[in-house]
Amino acid sequence: MLSYLGKVIGLKNKIKKYRNMHYHRIGKIPHKRHIQFRKEDGTLYQEELFSTAGFSDVSSILYHCNPPTQIKQIDKPYSVKPEVMEDEQLKHRSLQGFQITPEDDYLKSRKAVLVNNDCKIVLAAPRKSMTDYFFNNSAMDEMIFVHRGKGVLKTMYGNLSFGYGDYLIIPRGTVYQLHFEDTDNRLLIVESNAPITTPRRYRNDYGQFLEHSPFCERDIRKPEALETHDEQGEFLIYIKKADKIYPYHYLNHPFDVVGWDGFLYPYAFSIHNFEPITGRVHLPPPIHQTFASAGFVICSFVPRLYDYHPDSIPAPYNHSNVDSDEVLYYVDGDFMSRNHVEAGMLSVHPAGIPHGPHMGAIERSIGQKETKELAVMIDTFAPLFMTKEAYGIENKDYYKSWLS
Ligand SMILES: [Fe+2]
């Protein structure tokens, strides 16, 4: 019994650690929850509590024009399970991310390249906006990093405009559409079994960002411009659960919300608003941490001044990060520690063997005052496996790249 209670308390603490957002409200809501809230014609709005962790963690209450439950038809589900190549996991890899083939359709464009039981790292180059369907990743939180492209993330919570360098955090269960302004779009997506949130150490017990946090509430963009579509007909939502997509046809438009309030909603944060922490000698990757989850962290490497000890070496040291696989996604600028790096490339340095700067990079870094590099790092706590898609865009001899 004691160990059972211990497990429950441990789980609750874990959840508390990972979920912590800020209150937001938008549109029309009644003065109390769970009371009558009527339209001008006298009929009731349809209240929906959107809750997490068995009613024990953050939630929001949404008011729909029509019930969100009216299903007209479900088409045959289809698999989107990544084809995983489970051999040769212990090897440094480099992937040419921009060689992923663009696709007109957003869902078809999502190509998982590195996966484990906690997360999927996905590359996508969608050419067209989602106009004739909606998407709901019902079991995994999503982080979408916008490398190229501009547009609007439309959700039942309202709209969020996005552009180059934005992280979009989309909690599981959020029905959304991505609308792009152009056809040249490049996205780095992480799907996560556990919630994605900001690092706990940067928040006080009430969720407020602390003074030493590299960003604060003013940098977090919440949904605005609530568009209420009081429409009935047939609305197709592709719902993803456990590597399958279920095509659901609903009677009511999913964005028929007149108002909502709560702590659970999608938001945007620009990598360009991450304020780097610097020191006299080289500081390790946790100072770049931007998001946390149970199975990985996400870090932002942004333009910054280099270490200022008179004998400092700005390039990182060789290191064995024995409990993490390190994935670095190169966004822009010059990557001081690596040779032959282009935007859109990913390097994968697995736990178990050391990695470090390329030849000449250490000497080259000495005396330099600043870097313009921009990169996103994903460090996972369980080994990542390459997918068939990843093998197709691999620089095969990368593991020898430290020789010259
Ligand atoms: Fe590293």
Side-chain angles (χ1 to χ4, degrees), residues 88-97 113-116 118-119 121 123 143 145 188 190 199 214 271 274 276-279 281-293 295-307 312-366 368 370-386 390 394-395 397-404:
E88 297 184 39
Q89 195 275 331
L90 185 66
K91 191 175 176 187
H92 294 313
R93 309 277 191 178
S94 164
L95 310 179
Q96 292 281 8
V113 287
L114 296 158
V115 299
N116 64 24
D118 301 319
C119 65
I121 298 174
L123 296 172
M143 181 287 288
F145 176 77
L188 167 71
V190 180
I271 196 170
F274 185 92
I277 297 167
T278 59
V281 294
H282 192 81
L283 294 171
I287 57 135
H288 304 283
Q289 193 184 350
T290 313
F291 299 107
S293 192
F296 60 89
V297 295
I298 297 173
C299 302
S300 303
F301 286 76
V302 302
R304 62 193 181 279
L305 296 181
Y306 273 140
D307 322 320
S312 69
I313 299 175
Y317 26 73
N318 297 304
H319 56 282
S320 289
N321 191 1
V322 295
D323 293 315
S324 299
D325 279 11
E326 293 185 11
V327 177
L328 200 54
Y329 178 84
Y330 300 94
V331 181
D332 204 353
D334 181 34
F335 300 99
M336 164 268 296
S337 63
R338 321 254 100 203
N339 300 336
H340 320 298
V341 161
E342 293 165 22
M345 278 176 72
L346 293 104
S347 59
V348 189
H349 299 137
I353 46 175
H355 63 278
H358 277 138
M359 294 306 289
I362 292 176
E363 284 289 359
R364 203 163 63 224
S365 76
I366 293 171
Q368 291 196 35
E370 63 177 325
T371 174
K372 300 284 187 203
E373 72 182 5
L374 195 65
V376 174
M377 190 168 86
I378 304 152
D379 279 10
T380 65
F381 309 136
L384 285 164
F385 292 96
M386 301 260 287
E394 188 190 6
N395 299 314
D397 285 336
Y398 175 70
Y399 70 95
K400 294 180 183 169
S401 65
W402 284 267
L403 289 175
S404 57

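Remember, it's 1-based here, ligands and their atoms both numbered in the order they're listed.
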Peer 1: Output the distance between atom CG (Leu90) and atom CD1 (Ile353), rounded to the nearest 0.5 Å.
Peer 2: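 With rounding to 0.5 Å, CG (Leu90) is 4.5 Å from CD1 (Ile353).
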
Peer 1: For the Fe ion (ligand 1), which protein N/O/S atoms fall under 2.8 Å? Skip waters.
Peer 2: His319 NE2, Glu326 OE1, His355 NE2

Peer 1: For Glu394, enumerate each residue passing the salt bridge (charged side-chain N to carboxylate O under 4.0 Å, His left out) test, keeping only those at least two apart in sequence or located in another chain.
Peer 2: Arg93, Lys396

Peer 1: Hey, does the side chain of Ser312 reach the backbone of Pro314 with a donor-acceptor pair shorter than 3.5 angstrom?
Peer 2: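 Such a contact is absent between Ser312 side chain and Pro314 backbone.
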
Peer 1: Using 30° and 60° as the class boundaries, would you call the ring planes of His92 and Trp402 parallel, tilted or perpendicular?
Peer 2: tilted

Peer 1: What is the distance from atom OG1 of Thr290 to atom CE of Met377, rounded to the nearest 0.5 Å?
Peer 2: 9.5 Å

Peer 1: Supply the atom-to-atom distance Arg304 CZ to Ile287 CD1, rounded to the nearest 0.5 angstrom.
Peer 2: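 Spacing of CZ (Arg304) from CD1 (Ile287) equals 6.5 Å.
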
